[in-house]
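All remarks here apply to the structure that follows.
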Amino acid sequence: MRNVILLNVITAASLGSSIQAEAQAGAVILPYTNAWMMSFHGDTGAAPPPALWEDRMDTVTWKGRRALQRTQVEHIKRPTGEATIRYLNVFVPNTLEPLLTERRRGDGVFERAEYDGMRVHEVHSVPGWNAARLTAGPPHDSTVRDFVVGRKFLDFYGGMYAVVMAGRPLKEGTSGTFDALMGDSVVAVRYRVEGREAVRGVGGRPTQATRVQLGSPGDAGGSYTAWISDAPPYVLRLTTPQARPKGYWSWDEVP
């Protein structure tokens, strides 16, 4: 198996070899700045207020090599005020090989991982990620863990999500899997390209995008539907179902 973008294509017999050639050519992802509104749509009608979610892609230098950095900031509205979570992904252009993942709360609680091929170096704050919100202050203590996985992977669950499908041709009817890190294991994530639709794009303009299904209902990491445009900022809409309370979350372009 080629590890260029870790796509194991499973298609109808008529597909031919063109998608394999496209996969080996790699993705072409350009810098962008974007913003969504994150909303919950519940069956009962009750929902938290929509929240701003910022997303940008920049070219950076990582340990002497050219890389891309995706920075996302989630703005959470609470009765006591707004809280933020920053998500950071650094990766190799074209191959999307991950170099760094980090998520950090406004109170300093964080999780960070650096990657060297199949080697993973993790640093977590103490207290852990699920601790109650703390008052910002001195840096937290941390704990370190190193491990090796059995094959290369994409950083899908670590914050890249639908961006792993961006920057390459998406042909209706194609499907396959890619390898993603989940915890300390590598799992196969299914994808299916379903067709073109008009969705709300940047500035509220109707924009043609390709609908892609990522994951399957029942997967440990959940399932997602993404609408991906041909040009930056790529991911124009994203939805994921939730069981309790029943409904779904959506990320839609800010009007």
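- The hydrophobic cluster around W227 extends to V199, L236, counting ILVMFWY residues whose side-chain heavy atoms fall within less than 4.5 Å of a member.
- Here Y161 pairs with F156, Y224 under the ring pair (Phe, Tyr, Trp, His ring centres under 6.0 Å) rule; sequence neighbours left out.
- Every side-chain contact (heavy atoms from CB on, under 4.5 Å) that P48 has, sequence neighbours left out, goes to F40, W249.
- P241 is linked by a side-chain contact (heavy atoms from CB on, under 4.5 Å) to S223, counting only residues two or more places apart in sequence or in another chain.
- Applying the salt bridge (charged side-chain N to carboxylate O under 4.0 Å, His left out) test to pairs two or more places apart or on separate chains, those with a residue in residues 230-249 are R196-D230, R237-D252.
- Residue pairs meeting the salt bridge (charged side-chain N to carboxylate O under 4.0 Å, His left out) criterion with at least one partner in residues 33-57, sequence neighbours excluded, are D55-R70, R56-D58.
- Contacts of S125 classified as side-chain contact (heavy atoms from CB on, under 4.5 Å), with partners at least two apart in sequence or in another chain: V109, F110, H140.
- L88 and W62 end up in the same hydrophobic cluster when Ile, Leu, Val, Met, Phe, Trp and Tyr side chains are linked at under 4.5 Å.
- Take Y87 and apply the ring pair (Phe, Tyr, Trp, His ring centres under 6.0 Å) test, not counting sequence neighbours, and it matches W53.
- Scored by the side-chain contact (heavy atoms from CB on, under 4.5 Å) test, A166 finds I228, Y234 as partners (sequence neighbours excluded).
- Hydrophobic cluster of L52: the remaining members, joined at side-chain heavy-atom separations below 4.5 Å, are M37, V254, listed by chain and number.
- Scanning for ring pair (Phe, Tyr, Trp, His ring centres under 6.0 Å) contacts around H41 gives Y248, with sequence neighbours left out.
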- Task: Go through H121 and E114 one step at a time and tell me if the side-chain hydrogen bond (donor to acceptor under 3.5 Å, both in side chains) criterion holds.
- Result: CA-CA 5 Å; H121 175 71; E114 293 189 25; over 6 Å; no
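- In the hydrophobic clustering, V202 connects to no other residue, as no ILVMFWY side-chain heavy atoms lie under 4.5 Å from its own.
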